[in-house]
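Just so we're clear, the structure is a prediction, and the values are computed from it rather than from any experiment. Every chain is numbered from 1 and lettered A, B, ... according to where its sequence line falls, protein lines coming before strand lines.
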Protein chains: 2
Amino acid sequence: MKPLPEALQALVGQDVGAIDTPALVIDLDAMDRNLQRMAEFARKHDIRLRPHAKMHKSAALARLQIRSGAIGVCVQKTGEAEAMQAGGVRDIYISNEVLAPSKLRRVRALAQALQAENGRLAIAVDSEAGVQALAEAFEGLTAGIDVFIEIDVGQGRCGVAPGPQALGLARLIATLPQLRLAGLQAYHGRAQHLRSALERRAEIGRVVQEVTQTRQLIERAGIPVELVTGAGTGTFALEAASGLYGELQAGSYLFMDADYAQNERDPAQPPFEHALFVKSQVISGNADHAVCDAGHKSHAIDSGMPQVWQRELQYFSGGDEHGILRGARLPALGETAWLVPGHCDPTVNLHDFMIGVRGGLLDGKVHRIVRVDARGALT
Amino acid sequence: MKPLPEALQALVGQDVGAIDTPALVIDLDAMDRNLQRMAEFARKHDIRLRPHAKMHKSAALARLQIRSGAIGVCVQKTGEAEAMQAGGVRDIYISNEVLAPSKLRRVRALAQALQAENGRLAIAVDSEAGVQALAEAFEGLTAGIDVFIEIDVGQGRCGVAPGPQALGLARLIATLPQLRLAGLQAYHGRAQHLRSALERRAEIGRVVQEVTQTRQLIERAGIPVELVTGAGTGTFALEAASGLYGELQAGSYLFMDADYAQNERDPAQPPFEHALFVKSQVISGNADHAVCDAGHKSHAIDSGMPQVWQRELQYFSGGDEHGILRGARLPALGETAWLVPGHCDPTVNLHDFMIGVRGGLLDGKVHRIVRVDARGALT
């Protein structure tokens, strides 16, 4: 049998120092603390947690979150949902619009597979055409599928406007026996990254008002709205305190990327630690800079360059395969530089596996390999 | 047997319209024209072409380039070299520094495998420590390995300074029987993207002068410098005309990304066409914008957002899974939008396969599936 590619980079039990670079490494101790803090928060606030698995794309980590109290996971893509179901996750919500008949056939098959396992599939909709296409795909299936109407609460992307447009979709869904209105999705991605706690509070306050009115509008029309789902790592304490949201979708808390760490922390939110790192090695250098072996193919840069962990060095783009490190004390040839990715989600998507270590990044050991089951699951 | 994942997205013989989105699509007719134009250029200028396979990461496309006259390929990573050798490529140059003993063991094994196939492996070096580590890894192997001294000619990344530093490394290599100095690498990545032809000409002119002097310095010390290798899609006509370079490393010409297309074309360079596209579908929208299903997980954004092909629409970031399209005539729900990626190399690296079509993006048919053999080959 062909050896697994990770065997080239790390063997369980090896010292962290032996991990070949560049490698995506999870500090499992830090991750566990993040996991527990979030689970405690959800318990304390009596709110459901449905972490976004688009971040880690790993069925093993999804199961870990569920064992810690999460109800299930969100995903963005049909292929991610398939990977989660294949990995034993039973409650999956595709928090995104799916329109193509080829994908809707897969959604139908997945819903049936989950129902057979006493599980559940839900999906977001934001157009009449989308609702009709979904209903057609589920024709003849009495068990059907749960749908959430996505409201655009300020992201400026998908979703219907709050108010009458949402009501229109709810009325349409109520006429279609294959579809069951499960609630509203009100996710405000942009608000997650407003740096000041005050700005985030103001923005989510406005959202809560608009969605509350929309919910009332729909319920006054005789259509129950069971649940409002949404919230990410940047704002979830606000949604949890709103009295409106019944479910949090935060995902990045588990790994905590450099971008979220730049937010002024809301005191109501538990603190999270960086748990995801790119281990890199210095392969070239001179008096001006050092060059490490991790570039844009090792980590995503949509939220900026990675930060260098616990060293006074700055990372500059060196292209697809290199990073340029500058600072007063440059690392020598062969030395390790640990990078904190700017954005976890697309960084994880570049890797087939993550190397889980315990005992710290300096003296720890490789504890387990975590497969990125849904890597490249684009459709 | 499990169906191949591409079978979910495209079957050979299907209409282009049936390709499920987001999908990485090659216009094979345009690619063939690019291939032929570059092959003709190299023949006409009597210069060797060693295209960079870090761009397409496909052994099938590498073999196609070699059948059109290329001598072999460059790669940046040991894992890419392994994928090329496994796919039947026999002449491979790792145009990057490799320092870790674990990787150097793989480099040794690969060199032996290629020698057994009458092939050849070469590698770049830029430090005494790197040269020593390489020599240690090849101890006892009489066939050894070809090395190129990388000169930093303005990229400000890897490479020794032109002049005495390069001579020092050449002298060291000459003392090590396992290593054979094959020449100098003088690749100027930054110059590729200078927009004006005049600026690129001035910059490469300076490089040619510096490297010519360095070559003379080494040869006067009694060490022959057989070859100078370098050049990319932005400047290769200049290197080809220099009389110094014997080998061109250009890779992007095959697919031609949006970034290179923004260069003012040097009249000495053949024109290339866009041949790589992301097919996306509009899944949401309103009066303000349309949302397509291709985001940062479908294409790289290090060289800017993708361009929308042949439509007066502008693509704005919609995050990992979405793109926001704006313009006077917005596409309707379900419509296709073809995107031209800003940068081919890291875009290809996000996909397991590329869907090759013939007969155009509108009316063509799926002709073949091209696997991205070295996708995620980071080490």
Side-chain angles (χ1 to χ4, degrees), chain A residues 5 8-9 18 20-23 54 76-77 79 96-100 102-103 106 126-127 129-130 150 152 156-161 189 281-286 288-289 291 293-294 296-298 300-302 317-322 324 333-334 343 345-346 349-352 375-376 378-379, chain B residues 5 8-9 18 20-23 54 76-77 79 96-100 102-103 106 126-127 129-130 150 152 156-161 189 281-286 288-289 291 293-294 296-298 300-302 317-322 324 333-334 343 345-346 349-352 375-376 378-379:
Chain A
L8 286 176
Q9 287 202 252
D20 198 16
T21 59
K54 74 178 179 135
Q76 290 286 75
K77 295 286 186 170
N96 192 13
E97 284 67 25
V98 176
L99 213 61
S102 50
K103 290 190 190 79
R106 291 160 59 194
D126 77 348
S127 68
E150 180 170 12
D152 180 2
R157 196 169 65 188
C158 302
V160 295
Q281 187 192 30
V282 173
I283 58 165
S284 179
N286 55 32
D288 170 69
H289 64 265
V291 183
D293 60 0
H296 309 334
K297 286 179 182 166
S298 308
I301 57 164
D302 58 290
S317 169
D320 297 346
E321 293 92 4
H322 302 91
I324 311 284
L333 266 186
H343 189 189
D345 308 35
N349 188 49
L350 291 165
H351 295 260
D352 291 302
R375 192 212 55 73
L378 288 169
T379 62
Chain B
L8 286 175
Q9 287 201 254
D20 198 18
T21 59
K54 74 178 178 134
Q76 290 287 75
K77 296 286 185 170
N96 192 14
E97 284 65 28
V98 175
L99 214 62
S102 51
K103 290 189 190 80
R106 292 161 55 194
D126 77 348
S127 68
E150 181 170 12
D152 180 3
R157 197 169 64 187
C158 301
V160 294
Q281 188 194 30
V282 173
I283 58 166
S284 178
N286 56 32
D288 170 69
H289 64 265
V291 183
D293 60 0
H296 308 335
K297 286 178 181 167
S298 309
I301 57 164
D302 58 290
S317 169
D320 297 346
E321 292 92 5
H322 302 91
I324 311 284
L333 266 185
H343 189 189
D345 308 36
N349 188 49
L350 291 166
H351 295 260
D352 291 302
R375 192 213 52 76
L378 288 169
T379 63

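For chain A, no part of V160(B) is nearby; none of its heavy atoms comes within less than 4.5 Å. For a residue to count as touching a neighbouring chain, one of its non-hydrogen atoms must lie under 4.5 Å from one of that chain's; by this rule K54(B) touches chain A with backbone and side chain alike. Of the two parts of I324(B), only the side chain, counted from C-beta on, holds a non-hydrogen atom closer than 4.5 Å to a non-hydrogen atom of chain A. Heavy-atom distances place the side chain of Q281(B), and not its backbone, under 4.5 Å from chain A. Residue N96(B) touches chain A through its side chain alone, counting heavy-atom pairs closer than 4.5 Å. Using a 4.5 Å cut-off between heavy atoms, Q9(B) touches chain A through its side chain atoms alone. Only the side chain of I301(B) comes within contact range of chain A, with heavy atoms under 4.5 Å apart.
Between the side chain of K103(A) and the backbone N or O of T21(B), at least one donor-acceptor pair lies under 3.5 Å. Of the possible donor and acceptor atoms, none in the side chain of K297(A) sits under 3.5 Å from a partner among the backbone N and O of E321(A).
Across N349(B), L350(B), D20(B), the residue that shares the most heavy-atom pairs under 4.5 angstrom with chain A is D20(B). Note on G79(A), S127(A), G156(A), A161(A): by heavy-atom pairs under 4.5 Å with chain B, the leading option is G156(A). Contact tally against chain B (heavy-atom pairs below 4.5 Å) for S102(A), G318(A), G376(A), P22(A): the top residue is P22(A). The most heavy-atom pairs under 4.5 Å with chain A, out of D288(B), D293(B), D320(B), D345(B), come from D320(B). Of the listed residues H343(B), E97(B), H289(B), H351(B), the one with more heavy-atom pairs under 4.5 angstrom with chain A than any other is H289(B). Among the candidates Q76(A), R375(A), E150(A), the residue making the largest number of heavy-atom pairs closer than 4.5 Å to chain B is R375(A). Contacts with chain A were tallied for V282(B), T379(B), N286(B); T379(B) has the most, counting heavy-atom pairs under 4.5 Å. Comparing V291(B), V98(B), D152(B) by how many heavy-atom pairs each has under 4.5 Å with chain A, the most go to V291(B).
Atom CG in D126(B) sits 5.5 Å away from atom SG in C158(B) (nearest 0.5 Å). Here CZ of R106(B) is found 10.0 Å from NZ of K77(B). Values are rounded to the nearest 0.5 Å.
No donor-acceptor contact under 3.5 angstrom links the side chains of D302(B) and H296(A), judged on distance only.
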